[in-house]
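Heads up: numbering here begins at 1 and tracks the sequence.
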Amino acid sequence: MYIVNAKNSSGGFIMNKFEHLDEAKELVKKLYEEGHRDVFLSQEIPMKVKVTIEF
């Protein structure tokens with residue numbers, strides 16, 4: 001899973017998830033052409049977390 005984050009004009013972020021890297025790269029190119037300069041492409045790292053709590 002690939003995640004594309006881009007800063008929008010109101011100061012928040014737009015987040016999009018993609019299955020394939022090619023799709024994510026296309027969105028990054030499109031956002032950059034539209035003038036967005038704060039664009040981040042990252043890969044989601046699946047992990048397993050086990051939590052044990054004792055009282």
Anything under 3.5 Å between a donor and an acceptor, one on a side chain of residues 43-54, the other on a protein residue two or more places apart or in another chain? List them.
residue	atom	partner	partner atom	Å
Glu44	OE2	Lys17	NZ	3.4

Side-chain donor-acceptor pairs of residues 21-37 under 3.5 Å, sequence neighbours excluded:
residue	atom	partner	partner atom	Å
His36	ND1	Lys7	O	3.4
Arg37	NH1	Tyr32	O	2.7

Roughly how far, to the nearest 0.5 Å, is the CE atom of Met1 from the OG atom of Ser42? 11.5 Å

Pairwise distance CZ(Phe13) to CG(Asp38) - rounded to 0.5 angstrom: 6.0 Å

Is there a side-chain contact between Asn5 and Val39 (heavy atoms, below 4.5 Å)? no

How many angstroms lie between atom CZ of Phe40 and atom CD1 of Ile3, to the nearest 0.5 angstrom? 13.5 Å

